[in-house]
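Heads up, the thing below is written out as structure tokens.
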Amino acid sequence: MIDHTSPATPSPACEDSQGLRPWAQRRACCANLEPCIEVRDLVVRYGDKPALDRVTLTIPRGCITAVVGPSGCGKSSFLNTLNRLSDLTACCDVSGSVKFEGQEIVGTDLDLIALRRQVGMIFQKPNPFPLSIRENLTFPLQHHGMKKRADREAKMENMLRRVGLWNEVKDRLDAPALGLSGGQQQRLCLARALVLSPRVLLLDEPCSALDPLASAVVEDLIASLRGDYTVVIVTHNLAQARRIADHVAMFWLVDGAGTVVEHGSAANVFEAPANPITAAYIAGARG
Amino acid sequence: MAEKTTRVVSGGFLPPARRGTDWPDRIATVLMWAVALLITAVFVWIVGDLVLQGLPHLSWEYLSAGPEDAGRGGGIAPILVSTLLILAVCMAVSIPLGLGTAVLLSEFGRRNQFFGRLVRYSLDVLAGVPSIVFGLFGNAFFSITLGMGFSILSGGLTLSCMVLPLLIRSTESALRAVPDDYRRAAAALGLPVFTALWRILLPAATPGLIAGLVLGIGRALAETAALLFTSGYVDRMPGSLLDSGRALSIHIYDLAMNVPGGESNAYASAVVLIGLLLVINALTFRAADRWLHQGITPV
Amino acid sequence: MSPSRTETSLLWLLRALAAIAGAITLLIVVFLLVEAWPALRSPGFTHFLSDEAWFPSSSTPQFNIAPMVAGTVAATLGAMLLATPLGIAAALFCRFYAPPALASGFRRLLELLAGIPSVVYGFWGLVVLTPLIRQWAPPGQSLLAAVLILSLMILPTIALLSETALRSIPRSYLQGAAALGLSRWRTISGVALPAARCGIASAIMLAAGRAIGETMAVLMVAGNIVQVPDSIFAPVRTLTANIALELGYAMGGHRAALFVSGLMLLVLIVVLVTLSDWIMREEIHG
Amino acid sequence: MIKKILKACCVVAISLLLVGCSGEQQEGAAADGLIGQLIVTGSSTIAPLAGEIAKRFEQEHPGTRIDVQSGGSSRGIADVRRGTADIGMVSRQLNPDEIDLVAYPIARDGVAVILHRDNPLQALSEDQIVAIYTGSVTRWSEIGGADAPITVVNKAEGRSTLELFLSHFKLRNEDIRPSVIIGDNQQGIRTVAADPNAIGYVSIGTAAFEVTRGTPIKALPMDAVEATLESVRNGSFPLSRPLHLVTLPEAGAGAGAARAESAALIQAFIEYAASSQVDDLTEAQYFVPLAH
């Protein structure tokens with residue numbers, strides 16, 4: 001695969017001066033800190049190769065939690081265990097405990113379809129289905145039991161408006177989704193995830209394949225999800241994490257496997273990192 | 001960066017060779033055109049030969065009448081009907097069988113590794129079994145053991161054994177070529193595997209499916225030896241699938257090899273066969289096209 | 001995973017279908033074994049490799065099929081050597097060189113080429129090709145003629161399946177190469193062909209199977225003399241032609257001996273499949 | 001969509017079934033009491049002729065059906081023995097180990113040695129033919145022809161023309177040094193027609209027909225007897241073979257009404273095929289009718 005990941009160098013749109021709200025305001029939006037997902041001693045290995053080692057982390061409900069860290073430290077593997085997408089990967093072995101709203105999802109025989117309906121996911125590369133724009137949203141709804149066509153259409157319009165795509169595509173809903181631009185495709189994917197009314201949204205570097213302008217639009221969109229959804233976003237872009245995250249989990253490669261070296265509120269992690277690794281990483285990225 | 005590259009390459013075609021500098025590229029270009037020209041020339045040679053010798057004997061009567069005088073006279077109507085019935089039986093059996101197996105091999109191969117390897121292995125072997133062995137096997141198994149006798153049914157079933165490896169192999173590689181992104185997206189949306197397969201993956205694999213299907217149809221229509229012992233030689237209009245019926249390829253073979261003075265009608269029959277292939281392929285494309293685009297129309 | 005009930009039953013349906021597909025091979029092998037058994041018991045299998053020649057119905061029958069194995073291998077190898085580059089070139093032409101209209105026309109042509117009955121190929125070879133070869137090196141019906149006709153017959157398989165393999169390469173690969181300023185040929189040889197190699201390999205495998213198993217056309221142009229070919233102009237007999245030529249008139253031991261050639265053919269195919277399997281795995285791990 | 005496909009599948013399956021069931025309902029309105037179906041398999045040489053005879057027989061006896069299948073003499077014998085066919089077609093004499101069957105000749109066929117039309121030689125002695133086929137003569141110049149290598153065209157093992165040829169010239173197949181081995185008759189004619197230096201042997205009727213339509217071959221006389229259908233008919237041509245229909249001897253002796261019915265049909269068909277009523281069909285297929 002050719003990697004389209006653009007480097008995390010700050011671009012004009014990601015300037016710290018833009019859109020940064022005071023830390024205090026952010027803390028208020030999720031003050032109660034009820035846990036939505038509780039991860040305990042999570043270990044992931046691909047065959048003999050360990051990817052994650054004893055990750056323990058609590059993801060608070062209604063907040064945006066950013067997962068940061070260098071490439072290859074298991075951030076995406078972590079995300080994939082939260083909706084059991086790791087099942088799709090050959091010889092991926094997961095152990096430990098992940099509780100979603102109190103229910104264990106690792107190693108249990110739970111209804112995956114129900115789980116994934118509640119835990120939506122957006123990928124690094126926009127991946128709309130090779131269907132029409134309309135079908136990309138109505139097709140999942142149809143299969144999750146929304147019988148009436150009018151209901152589906154209403155929901156579709158609703159979500160397209162929510163992601164700011166409606167005005168751009170309302171005249172060509174039956175055109176192939178693959179004809180949209182990268183930013184539009186990613187917003188369509190976001191709408192496709194939201195249309196199922198999930199409680200959690202997992203975002204795997206959702207902006208890294210987009211240009212700065214499209215990236216800014218998607219970022220604003222993600223920020224607007226706060227409160228309505230529990231959002232977990234993996235990002236390389238520390239500036240982005242600073243702008244939108246309430247909580248931050250810092251992943252680092254220790255003894256060949258990724259693990260969490262620090263986590264807490266964004267203010268604490270960014271302004272007063274306790275771990276020297278975190279401090280150096282943030283400082284490096286900042287400098 | 002991504003934006004820029006999209007502008008450089010629009011459409012699936014690569015930039016043309018730059019003039020003068022890049023010798024390997026220029027040579028390759030010349031070679032490609034030469035190969036295409038060569039293949040076209042040979043094709044025109046063979047088919048031109050067929051058409052020149054066969055066309056004068058073609059007429060509406062030839063298509064609508066039964067054969068007379070061992071095929072030297074009359075037409076080929078019953079043979080056309082038998083051919084189509086045999087093909088229909090063959091495809092009705094091999095398409096579901098092939099599709100199912102290919103889906104299992106490509107989509108569930110991980111969980112059925114040993115089984116998958118076994119099936120793939122045996123299919124590779126099957127692909128190389130000579131058609132005459134298929135014919136003898138079909139005669140022993142379908143005609144005698146299963147009691148179907150010389151019949152269109154046993155001919156079609158034998159043919160379906162023959163085209164199965166072709167269908168499965170091509171469908172499997174077509175499915176494997178569908179980007180994993182779609183599978184992950186579908187799984188993340190909580191769509192059942194089979195729904196994703198039917199609505200997303202298979203339509204996305206359509207070009208590969210068509211290629212396999214078209215090859216399979218071609219192979220089935222062109223087959224002689226496998227049919228001689230199964231669907232048989234009788235050139236009467238078939239009344240049912242349990243009747244024996246002569247396929248066009250057998251008719252051509254018989255006229256060319258056993259009937260003195262049968263060549264001109266053999267050529268005419270070959271032209272009909274190629275025409276039939278054209279029509280069937282066109283219909284296949286149309287059907288596949290509709291399937292591919294059903295996603296684009298509102299449900 | 002915990003698939004729902006329908007999914008589980010559908011999965012079992014798929015397994016059943018695949019099992020049927022696999023069982024056909026087993027049935028054919030059993031069938032061949034049963035038919036060949038009398039000849040394997042007496043005179044015994046060693047005769048098929050150590051006898052002087054192939055005279056299965058004479059009063060002192062001889063059953064050497066080794067020359068035919070050589071003929072089959074030679075004809076198949078020759079056809080693969082010729083048809084693989086041509087077929088891949090045709091696929092590349094379709095995909096990267098021809099303008100769209102021409103490409104789809106060319107594809108139609110290949111599809112038709114795939115549907116021409118082998119009798120017609122054989123007839124054409126007999127009437128047109130072998131006299132041409134005869135002017136160089138009599139008798140004309142030869143290994144070369146068999147190789148040429150076989151190449152022609154398997155070329156559409158290689159070309160069409162390779163073309164679909166090439167078509168399914170993600171566009172970003174080609175874009176990446178184009179962005180690097182690579183020429184068309186370098187993009188093809190460096191990016192497109194490696195990316196599509198799995199599909200192309202499976203196309204070649206299918207074509208090899210077809211080449212080994214092809215009967216009628218080879219029978220009409222190969223000359224059918226039972227001998228190890230000493231030149232490309234020498235007539236040869238393949239195992240398949242052997243069956244087709246003699247089966248209609250063979251009785252008893254002779255008939256069983258012909259089924260031994262069928263078994264031998266199967267052995268050849270198994271060797272080929274195992275070899276290609278091994279090569280593919282080496283490539284993945286190496 | 002799934003539903004649509006399923007529906008289509010159902011429709012196809014049901015219609016196939018219906019078609020399948022609707023056949024075979026021939027009411028036996030035959031005046032002569034002959035009804036039923038016969039399966040005739042065997043020699044691909046005889047199959048076209050038998051097919052024509054069957055068609056005429058069916059016309060004269062409504063209520064009967066004769067299915068003619070091809071596939072080779074040995075197939076005919078095997079199928080009759082196994083009971084999968086009622087009548088076999090065999091284009092040679094029965095072997096000693098085949099006396100469990102009864103053979104009925106229905107026509108004759110001669111075998112002629114053929115050369116390319118441009119070959120200057122007009123006749124070959126038997127010794128010369130033997131010399132050529134055993135490889136002691138390999139160039140035409142050695143026996144007064146052009147200076148070119150001889151392309152010896154032989155038939156595949158087991159073919160009845162080969163056996164006839166070998167027994168006439170008292171040769172063993174092991175002694176023959178062929179350049180090319182062919183299967184069917186037409187392939188022999190094509191091969192010789194395409195090669196000015198070739199020698200082969202094929203069915204006389206076919207050769208005569210090909211000569212009349214301009215194929216560049218010629219049939220050589222044998223023992224000074226011209227290779228024509230006429231000389232086969234009057235018995236003067238030395239190389240000729242009978243074309244047989246074979247059946248089990250007990251075909252007439254079976255128990256049960258159905259069995260007796262089919263035995264009567266078998267007998268009727270064989271008699272019809274050997275009668276003078278089909279002489280024109282035999283001639284149309286370039287064979288020699290029996291002397292009645």
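In what follows, chains are A, B, ... by sequence order, proteins preceding strands, each numbered from 1. When reading the values below, keep in mind they use all heavy atoms of this one structure, side chains included, and skip hydrogens, waters and symmetry mates. Nothing here was measured: the structure is a model prediction, and the numbers come from that model.
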Query raised in the report: Given a strict heavy-atom distance threshold of 4.5 Å, which part of C:A244 is in contact with chain B: side chain, backbone, both, or neither?
Result: both
Requested in this report: Using side chain to side chain donor-acceptor pair (under 3.5 Å) as the criterion, list what pairs up with C:S104, not counting sequence neighbours.
Outcome: none
Query raised in the report: So which of C:F259, C:F106, C:F31, C:W124 has the largest heavy-atom pair count under 4.5 angstrom toward chain B?
Result: C:W124
**Report entry** Interface moiety of C:E111 toward chain B, non-hydrogen atoms closer than 4.5 Å
**Finding:** both
Report task. Measure the shortest side-chain to side-chain distance between B:P24 and C:R186 over non-hydrogen atoms and say whether it is less than 4.5 angstrom. Result -> yes
Query raised in the report: For the residue pair B:P96 and C:L17, what are the closest heavy atoms and their distance?
Result: O-CD1, 3.6 Å
**Report entry** B:E172 versus chain C, the contacting section by heavy-atom distance below 4.5 Å
**Finding:** neither
Query raised in the report: Out of curiosity, C:R107 CZ to B:I210 CD1, how far, rounded to the nearest 0.5 Å?
Result: 9.0 Å
Query raised in the report: Does any heavy atom of chain C fall under 4.5 Å from the side chain of B:S131, the backbone, both, or neither of them?
Result: both
Query raised in the report: If we only count heavy atoms from C-beta on, is the B:S170 to C:T164 side-chain gap below 4.5 Å?
Result: no
Report summary line: Highest number of heavy-atom pairs under 4.5 Å with chain C among B:I168, B:L221, B:L31, B:L273 belongs to B:L273
Query - Side chain, backbone, both or neither of C:S276 within contact of chain B (heavy atoms, under 4.5 Å) - result: neither
Query raised in the report: Once you round to the nearest 0.5 Å, how far does CE of B:M257 lie from CG of C:L219?
Result: 7.0 Å
Query raised in the report: Where does C:L272 contact chain B at under 4.5 Å (heavy atoms): side chain, backbone, both or neither?
Result: neither
**Report entry** Side chain, backbone, both or neither of C:L26 within contact of chain B (heavy atoms, under 4.5 Å)
**Finding:** neither
Query raised in the report: With a 4.5 Å limit on heavy-atom distance, are the side chains of C:V270 and B:Y121 in contact?
Result: yes
**Report entry** Structural part of C:L14 lying under 4.5 Å from a heavy atom of chain B
**Finding:** both
Report task. Could you point out which residue of B:I274, B:I39, B:V47, B:T40 forms a side chain to side chain contact (heavy atoms under 4.5 Å, CB included) with C:L113? Result -> B:I39
Query - Contact origin within C:L152 toward chain B - heavy atom pairs under 4.5 Å - result: side chain
Requested in this report: Identify which part of B:I217 has an atom lying under 4.5 Å from any heavy atom of chain C, answering side chain, backbone, both or neither.
Outcome: neither
Query raised in the report: Which residue out of B:G98, B:A266, B:C161, B:A270 racks up the most heavy-atom pairs below 4.5 Å with chain C?
Result: B:C161
Requested in this report: Tell me, out of B:V133, B:L166, B:L136, who's got the most heavy-atom pairs with chain C below 4.5 Å.
Outcome: B:L136
Query raised in the report: Is any side-chain heavy atom of B:L126 closer than 4.5 Å to a side-chain heavy atom of C:I28?
Result: yes
Query raised in the report: Is a donor on one side and an acceptor on the other found under 3.5 Å between the side chain of B:D25 and the backbone of C:S183?
Result: no
Query raised in the report: Under a 4.5 Å heavy-atom cutoff, which of C:L13, C:L110, C:L109, C:L161 has the most pairs with chain B?
Result: C:L109
Query raised in the report: So what's closer than 4.5 Å to chain B heavy atoms on C:V29: side chain, backbone, both or neither?
Result: neither
Requested in this report: Please report the closest heavy-atom contact between B:L123 and C:T25, naming both atoms and the distance.
Outcome: N-OG1, 4.4 Å
Query raised in the report: Taking the side chain as C-beta and beyond, is there a heavy-atom pair between C:I24 and B:F141 under 4.5 Å?
Result: no
Requested in this report: May I ask you to name which of B:L118, B:L97, B:V42, B:V44 has the most heavy-atom pairs under 4.5 Å with chain C?
Outcome: B:L97
Requested in this report: With a 4.5 angstrom heavy-atom cut-off, could you sort out which part of B:D124 is near chain C: side chain, backbone, both or neither?
Outcome: both
**Report entry** pair C:L206-B:L215: side-chain heavy atoms closer than 4.5 Å
**Finding:** no
Requested in this report: Decide if the gap between the ring center of C:F93 and the ring center of B:W33 is smaller than 6.0 angstrom.
Outcome: yes
Report task. Give, for atom CZ of C:R184 and atom CE of B:M32, the distance between the pair rounded to the nearest 0.5 Å. Result -> 9.5 Å
Report task. Select one option (side chain, backbone, both, neither) describing which atoms of C:A19 are under 4.5 Å from chain B's heavy atoms. Result -> both
**Report entry** Options C:L112, C:L247, C:L239, C:I243, ranked by heavy-atom pairs under 4.5 Å with chain B, top entry
**Finding:** C:L112
Query - chain C contact via B:T101 - which portion, at a heavy-atom distance below 4.5 Å - result: both
Query raised in the report: Ion pair present between C:D277 and B:R120, side-chain N to carboxylate O less than 4.0 angstrom?
Result: no
Report summary line: Bottom line for B:V214: the part with an atom under 4.5 Å from chain C's heavy atoms is side chain
**Report entry** Which atoms of B:A174 approach chain C - backbone, side chain, both or neither, heavy atom under 4.5 Å
**Finding:** neither
Requested in this report: Check each atom of B:L278 against the heavy atoms of chain C and say whether the ones under 4.5 Å are side chain, backbone, both or neither.
Outcome: both
Query - Part of C:R210 lying under 4.5 Å from any heavy atom of chain B - result: both
Query raised in the report: Can you find a pair of side-chain heavy atoms, one from B:I252 and one from C:F123, that are under 4.5 Å apart?
Result: no
Query - Stacked cation flag C:R15 on B:F108, 6.0 angstrom / 45 deg - result: no
Query raised in the report: Looking at B:A256, B:S173, B:S249, which makes the most heavy-atom pairs under 4.5 Å with chain C?
Result: B:A256
Report summary line: One option among C:P117, C:A208, C:S202, C:P156 has the most heavy-atom pairs under 4.5 Å with chain B, and it is C:P117
Query raised in the report: With side chains defined as the heavy atoms from C-beta onward, is the minimum distance between B:F137 and C:E35 less than 4.5 Å?
Result: no
